Each structure stands twice: as structure tokens, then as C-alpha cells.
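Structure record follows, encoded as C-alpha cells.
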Amino acid sequence: MDVCIIIPARYASVRYPGKPLATLKGASGVSRSLIERSVMAARGASDGLIPIYVATDDDRIAEEARRIGADVIMTSESCRNGTERVADAMARAGISADIIVNLQGDAPLTPAHFVTALIAAMRADEGIGMATPCLRCDPETVTNLLADRAHGRVGATTVVTDRMGNALYFSKEVIPFTNGKGVIDGVVPVFHHVGVYAYRPASLAAYQTWEPGPLEALEGLEQLRFLENGHPIRMVEVSAPGAVFWELNNPNDVPLIEGYLARMGWE
């Protein structure tokens with residue numbers, strides 16, 4: 001198996017309990033669960049050629065995943081984040097793949113080409129142990145990010161990179177510092193981190209041996225464990241003309257995402 005896609009999903013979210021089962025109304029007026037929309041995003045990227053699994057420790061999520069025809073892998077309740085859950089699912093199901101894609105279950109607006117671009121980057125350079133996409137923000141998105149922080153909401157993640165395209169740092173704060181501005185010298189300098197990861201098996205195995213570090217604990221961002229242990233993360237810049245990317249992090253994100261679904265005509 002060259003590639004597989006695993007969608008980690010847990011019920012006990014701190015900021016939004018039961019989030020994978022939250023419903024989102026699309027452009028047609030039909031409401032679908034977040035996990036269904038996440039599976040739809042994965043199917044759009046796979047063209048039926050890549051195996052897709054939902055990894056969860058909750059029977060309610062598993063039941064909903066099976067209802068929509070998704071394969072389910074039951075994982076340990078001790079998994080502390082999506083990366084650990086993906087690694088646990090791989091081990092429990094005996095899955096062997098050269099590239100493992102972790103499509104987080106809270107990003108229903110993920111365009112298929114974000115995932116395919118990530119897979120292409122990994123296939124093109126076998127030296128990349130882990131990669132994840134980033135999207136240059138538009139002024140509207142920066143305004144939304146700054147509004148979240150001004151109101152004390154923990155929302156989307158931003159990232160800064162070095163000149164080789166490797167991540168320097170990820171944060172729930174808006175980085176780099178823009179002094180409240182969305183555009184500086186005609187450029188939006190903020191990159192939105194997209195919640196999709198691709199790993200080599202060796203990188204996943206190494207992750208399981210590391211304990212969470214202080215930065216991961218402070219930010220609540222699982223990918224910082226790689227950086228804290230000196231493991232590079234290659235950023236793959238993607239674009240989405242006419243589209244908007246936003247994750248479901250808090251209940252107040254529901255109407256925002258439903259508005260974007262309607263705007264883009266997504267069912």
C-alpha cells in the first residue's frame with residue numbers, strides 16, 4: 001500500500017465535547033455530521049484509490065462512521081492527540097503504507113487538492129519524514145483570526161517557516177506579529193496551518209517514543225512534539241482561489257462554516 005488516509009476522531013474534546021457528531025448545514029440545506037463531512041473530504045482526495053479509515057475510541061462516532069459507509073478502527077482511550085491515534089490505529093489494524101495521511105476530523109472545508117499536494121510532495125522527496133500544508137491568509141481570514149484572539153477564543157493555528165520551507169513554529173496566536181493589521185506593505189504575512197499531516201512510518205514510530213514537551217503542552221498543538229525533538233516538518237504551500245478554509249474549533253464556528261459551505265456551493 002502506497003498511501004492510506006486515517007481520520008482520527010474523539011468525543012471528549014475539551015473545547016467542544018461531541019464535536020465529530022455536530023451537524024453542519026450545506027448549500028442544499030441538508031445537515032451532515034462533522035465526521036461525515038470529513039469523510040467526504042477524504043473521499044474527494046482519494047478518487048476511490050486510497051483506503052480511508054476513521055480511528056476512534058467512541059462507539060457513537062464509530063456508529064456514525066459506519067452509517068456513512070466508512071471503515072472504522074477502534075483505538076485506545078489513552079491516545080492524547082490525533083497523531084497518537086493514527087499511530088495506534090496503524091498498529092492495531094496491521095496497516096502498512098509508505099505514506100500515512102492524517103486528515104483531522106474538524107476540517108470539513110479541506111479541498112481535495114490540499115491532500116493530493118501533500119501526497120505529491122512526499123512522493124517527490126523521500127527525505128521528507130513529515131509534511132503538512134499551509135495557506136497564505138487573505139485579509140478576511142486574518143480578521144477572523146484576530147477576532148478570535150481578541151475575544152479570548154482559541155481557534156485556528158498559524159505557522160512561520162524558514163527559507164527552505166520547513167516549519168519554525170506553530171501557534172494558536174497570530175504569528176508573525178502584525179500589530180492588528182491584515183495587510184503589511186501590500187502583503188498578508190500570515191499563514192494558516194491546515195490540519196492535515198503526512199508521515200513516513202519511521203516518523204510516526206519515533207513520535208510514539210517521545211513525551212509531550214512544554215511547547216506542545218502550552219499551545220495544545222501535537223505537531224510541536226516533532227519540532228521539540230529536532231524532527232523537521234516540511235510545509236507545503238497550497239492555495240484555494242475562491243474558497244475559504246476554517247476548522248471547527250468552537251461551537252461559534254458552526255454558523256461561520258455553514259456560511260462558507262453555502263458560499264462555495266458545497267452540499
Side-chain angles (χ1 to χ4, degrees), residues 1 3-13 15-77 79 81-90 92-95 97 99-116 118-119 194-198 243-251 253-267:
M1 188 187 303
V3 182
C4 73
I5 298 175
I6 299 179
I7 303 171
R10 64 172 182 157
Y11 192 91
S13 169
R15 295 194 298 271
Y16 196 165
K19 181 168 63 172
L21 302 180
T23 56
L24 294 163
K25 186 181 297 184
S28 65
V30 174
S31 292
R32 303 180 192 273
S33 67
L34 177 60
I35 193 65
E36 180 174 5
R37 292 196 176 279
S38 298
V39 170
M40 289 169 64
R43 287 172 176 164
S46 72
D47 289 329
L49 303 176
I50 299 174
I52 300 167
Y53 306 92
V54 172
T56 186
D57 60 0
D58 188 272
D59 289 336
R60 291 161 291 189
I61 296 172
E63 181 180 356
E64 171 65 3
R66 293 189 181 105
R67 182 190 69 80
I68 60 174
D71 291 325
V72 175
I73 302 172
M74 299 303 294
T75 57
S76 170
E77 294 181 357
C79 296
N81 58 46
T83 299
E84 290 189 2
R85 196 171 304 283
V86 167
D88 188 54
M90 293 279 294
R92 287 174 180 265
I95 295 172
I99 301 169
I100 305 102
V101 176
N102 169 355
L103 178 60
Q104 307 241 59
D106 58 3
L109 298 176
T110 305
H113 71 271
F114 284 16
V115 180
T116 55
L118 195 60
I119 293 170
V194 179
V196 185
Y197 303 97
V244 180
F245 180 79
W246 196 260
E247 298 112 336
L248 182 59
N249 293 296
N250 305 287
D253 289 324
V254 170
L256 183 65
I257 291 176
E258 288 182 333
Y260 290 148
L261 288 169
R263 183 197 301 185
M264 294 186 292
W266 288 21
E267 299 296 322

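As the structure is a computational prediction, the values presented were derived from the model and not from experiment.
Rounding to the nearest 0.5 angstrom, the gap separating the CD1 atom in Ile68 from the CZ atom in Arg37 is 11.0 Å. In this structure, Glu258 CD and Ser31 OG are separated by 6.5 Å, a value rounded to the nearest 0.5 Å. Separation of atoms CG (Asp57) and CD1 (Ile73) is listed at 13.0 Å; rounding is to 0.5 Å.
Side-chain contact between Leu24 and Arg32 is absent, with no heavy-atom pair separated by less than 4.5 Å. In this structure, the side chains of Cys4 and Met90 come closer than 4.5 Å at one or more pairs of heavy atoms. Contact annotation: the side chain of Arg43 approaches that of Ile52 to within less than 4.5 Å [non-hydrogen atoms, C-beta and beyond]. Considering only heavy atoms from C-beta on, Met74 comes within 4.5 Å of Asp59 through its side chain. Counting heavy atoms from C-beta on, the side chains of Ser76 and Arg92 come closer than 4.5 Å. Counting heavy atoms from C-beta on, the side chains of Val54 and Glu64 never come closer than 4.5 Å. Counting only heavy atoms from C-beta outward, the side chains of Val196 and Gln104 never approach each other to under 4.5 Å. Residues Ile7 and Ile35 meet the side-chain proximity criterion, which asks for heavy atoms closer than 4.5 Å.
In summary, Arg66 and Asp71 do not engage in a salt bridge, as defined by a charged side-chain N under 4.0 Å from a carboxylate O.
When the side chain to side chain donor-acceptor pair (under 3.5 Å) test is applied to Ser28, the partners found at least two apart in sequence or on another chain are Glu267.
Summarising the geometry of Ser46 relative to Ile5, their closest heavy-atom pair is CB-CD1, 4.4 Å, with the distance given to 0.1 Å. Across all non-hydrogen atoms, the minimal contact from Leu103 to Ser38 is CD2-O, 3.7 Å.
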### Task
Could you walk me through whether Thr75 and Asp88 pass side chain to side chain contact (heavy atoms under 4.5 Å, CB included), step by step?
CA-CA 6 Å; Thr75 57; Asp88 188 54; 3.2 Å; yes
### Query
Given the rule in the side chain to side chain contact (heavy atoms under 4.5 Å, CB included) test, do Ile100 and Ile6 qualify, once you have shown the distances and angles that lead to the verdict?
CA-CA 7 Å; Ile100 305 102; Ile6 299 179; 4.2 Å; yes
### Message
Please determine whether salt bridge (charged side-chain N to carboxylate O under 4.0 Å, His left out) holds for the pair Glu36 and Arg67, giving the CA-CA distance in whole Å, both sets of side-chain angles, and the decisive distance to 0.1 Å.
### Response
CA-CA 9 Å; Glu36 180 174 5; Arg67 182 190 69 80; 3.2 Å; yes
### Ile50 vs Ile119, side chain to side chain contact (heavy atoms under 4.5 Å, CB included): CA-CA, chis, key distance, verdict
CA-CA 11 Å; Ile50 299 174; Ile119 293 170; 3.9 Å; yes
### Query
For Tyr11 and Ile61, what are the C-alpha separation, side-chain angles and deciding distance, and is it a side chain to side chain contact (heavy atoms under 4.5 Å, CB included)?
CA-CA 7 Å; Tyr11 192 91; Ile61 296 172; 4.1 Å; yes
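Checked by atom type and distance alone, the side chain of Asn81 pairs as donor or acceptor with a backbone atom of Glu84 at under 3.5 Å. When atom types are taken as modelled, the side chain of Thr56 and the backbone of Arg10 share no donor-acceptor pair closer than 3.5 angstrom.
Among pairs with a residue in residues 17-27, those fulfilling side-chain hydrogen bond (donor to acceptor under 3.5 Å, both in side chains) read Lys19-Asp106, at least two apart in sequence or across chains.
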